[in-house]
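No hydrogens, no waters, no symmetry mates; every other heavy atom, side chains included, goes into these values.
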Amino acid sequence: MAQVTIEHLGKTFSEGTEAVRDLSLEIGDGELVVLVGPSGCGKTTTLRMVAGLEETTSGTITIGDRVVNHLPPRERDIAMVFQNYALYPHKTVYENLAFPLKLRRLSKPEIDDRVRRSARLLGLEDLLGRKPRQLSGGQRQRVAMGRAIVREPQAFLMDEPLSNLDAKLRTQMRAEIHRLQRELQATTIYVTHDQVEAMTLGDRVALLRKGELQQMATPQELYDKPTNVFVAGFIGSPAMNFVGAELGRRDGHLEVTFGQQSLRLHESEARPGLEAYIGRRCVLGIRPEHLEDAALESGAPADRRFRGKVEVREGLGSEVVVHFQVEAPPTLTEDVRELALDVDAAALADLEREQQLHETVFVGRFGASTKAAEGDAVEVVAEHGALHFFDAESGRRISL
Amino acid sequence: MALGADATRRRLSQTASSWVDRHFRWLLVSPAVVLILALTIFPLGYAIWVAFVTYDFNIPGHAWRGIDNFKEVVTDPNARKAIATTAWLATAAVAIELVIGLLLALAMVRPFRGRRWLIPIFLLPLFMSPVIVGQFWALLLTEPFGPTNWLLGAISGSDVNIRWTTQTPWAYFSILLADAWQWTPFMFVILLAGLSAIPDDLYSAADLDGARPRQAFFFVTLPLLLPVMLVAVAFRVIDAAKIFDVIYVLTKGGPGTDTYTASYYLYEQGFQLFHLGRGTAGAWMFMILLSVVSYWLVRRLLKPVEA
Ligand SMILES: Nc1ncnc2c1ncn2[C@@H]1O[C@H](COP(=O)(O)OP(=O)(O)O)[C@@H](O)[C@H]1O
Ligand SMILES: [Mg+2]
């Protein structure tokens, strides 16, 4: 296995679409890096450039110690798993696995040995004589993995390999891919638009937006310290709540005000960088899992509470997801618009209507025993460390 | 008395109406049945009868001949030659059409500027009557007025004097040219559809697996195109075996009997020489032969597809 380095990679299609812009990534030997982002952000294009299936417009791609920009795919020694598997429909599973080895002119016994080893690794032994159309989705997925593994390439590229599977199978195959990747110490670039896949699989995650890298970090860091509103909104489910707010100082403490309500900043949240924003507008972000029904947290201080009106209550058994309205203008930065649009057009329309009404819908994940009922007023507590602050113009995290 | 007659009439009309009720569905289908009988079954039966009797405009009466009509065709050297000519002309024509059609389809499967206009133009010959196509090539080829010899002469710089339609082997060449001109588009459009149906990702996968373009063609394109190709070939072989129009217009079977195909031979027997009995007997045998060949083609050629 080898390290893969991408430097200042750019791609502009002939009709003018700029799919990837100045992208630099380093994927260490044996590391699994996930490229994640909304549909159309350039993930597939990036992967295809690494594979050599798409010409680069600018930048260099290095695999191992070779710059491969001008090598055809067959000379790059990498394997790719396609979203639709791209199995050869006229070949049996065995022949599908053997094909890349045959092209490399390996001896028959060696081919047989390697095909059977890969098949065993993936539990395909009983299916070797079947044609792809006689396989279930999950089995096809395994064969596609097998065809990648059997060659023992320098790196694996996977383009949304699980997106054609149903939810249960997806979870199972995700674990399987994880196991295989660890076992083979395989350098892997894994593309998905599913942030759960990204968080669970990635050693590191690179989040793309409109062809530009937003942040590359470990899943935990991405979750704890998103660099901007876009990353913050993309990672986590349900998504982070955003509201237009203003920073101020009272009794020597920093406090944030949205609509008529204020929250005092906990020391873990009160970064010196925030001083510069006193009296200015900013974006406040709070994750749903950091909100709790105040009735269940009697000890919580009054200056960490705020009120809203319950709109929707979704019981999940282990917890209750509550959507509630807060009187404060939502933020409608470019980032937030795009995040909403990635859900669907109606979500963006909802946001725009809320802005007109000066109301923001928050989502909270409350304890199962909450009594919050639709139409009721609810008092909510923000946990320590729950408050994230972003610049209102640039959307960047206010750090330091 | 009057009452009794009334009752009888009523009973009669009752039975009549219940008869209509019971057989109404048959009444409904009867026009179709009559039509089929008149247009298909009757001519077919009649043709069977004709094949076994003397049916000749020069000989009065329709004496029973048993299988003599069949014997005469089978023993006619011209008939045997015509079958051989048909076989190799059809094979050659379909082979030419397959190769050129495939090359064209491969060239046009990727989008490029003007493809939208080029494809319909390519398909035009398909929509022409074979007689028109034959006439069109006759005009181009037939000496002394056809421009072909003049054009070849101008290119080669010496006098060209080929009798395209009355000289062997040029007559074959002319027939193949006209047939290929008309039917290559058929191969082209079917193979183009077949090629377009092969997913791009398969080529990407083959490329990453280490296949060179030539290997991708033999290991991916060809096997995946094979079913479509076999269907197109089967269709064309069956159709080409019946070739008539182009020969009728271009060579009239000549020179001599060199370009007699089965259809042309039968036409001559029936409608030039007026041996309708013999012609019909020949037509039956040709139909059976062609059915056997088609059956074999379809079974044999389509077998690898099912496996
Ligand atoms: N072959 C192509 N020609 C022109 N534009 C393309 C092509 N492939 C992708 N694009 C455009 O490039 C952008 C990125 O596409 P893609 O890499 O497929 O996104 P993703 O995989 O992240 O969903 C999109 O706007 C898409 O429309
Ligand atoms: Mg994609």
Colleague: Checking heavy atoms, do the side chain of B:Tyr203, its backbone, both or neither come under 4.5 Å from chain A?
Modeller: neither
Colleague: So, B:Asp209 and A:Arg151, do they make that salt bridge, N to O below 4.0 Å?
Modeller: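 Looking at A:Arg151 together with B:Asp209, the answer is yes, because their closest N to O distance falls below 4.0 Å.
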Colleague: I'd like to know which of B:Ser204, B:Ala206, B:Ala211 tops the heavy-atom pair count under 4.5 Å against chain A.
Modeller: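 When all of B:Ser204, B:Ala206, B:Ala211 are compared, B:Ser204 has the most.
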Colleague: Below 4.5 Å from any heavy atom of chain B, which atoms of A:Lys102 appear? Answer side chain, backbone, both or neither.
Modeller: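 For A:Lys102, neither part sits under 4.5 Å from chain B.
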Colleague: Under 4.5 Å, counting heavy-atom pairs only, tell me which of A:Gly52, A:Ala86, A:Ala51, A:Ala79 racks up the most with chain B.
Modeller: A:Ala86
Colleague: Hey, what's the ring geometry for A:Phe99 with B:Phe219, parallel, tilted or perpendicular (30° and 60° as the breaks)?
Modeller: perpendicular
Colleague: At a heavy-atom distance under 4.5 Å, which candidate from A:Arg147, A:Arg76, A:Arg74 has the highest pair count against chain B?
Modeller: A:Arg74
Colleague: Tell me, for A:Ile78 versus chain B, whether the close heavy atoms (under 4.5 Å) come from the side chain, the backbone, both or neither.
Modeller: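 Both the backbone and the side chain of A:Ile78 come within 4.5 Å of chain B.
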Colleague: Ignoring hydrogens and geometry beyond distance, is a side-chain donor-acceptor pair present between B:Tyr172 and B:Thr251 at under 3.5 Å?
Modeller: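 Distance-only check fails for B:Tyr172 and B:Thr251.
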Colleague: Answer yes if the side chains of A:Tyr85 and B:Asp201 hold a donor-acceptor pair under 3.5 Å, and no otherwise.
Modeller: no
Colleague: Got a salt bridge between A:Arg174 and A:Glu197, using NZ or NE/NH1/NH2 to carboxylate O under 4.0 Å?
Modeller: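 Result for this pair is no, no salt bridge flagged.
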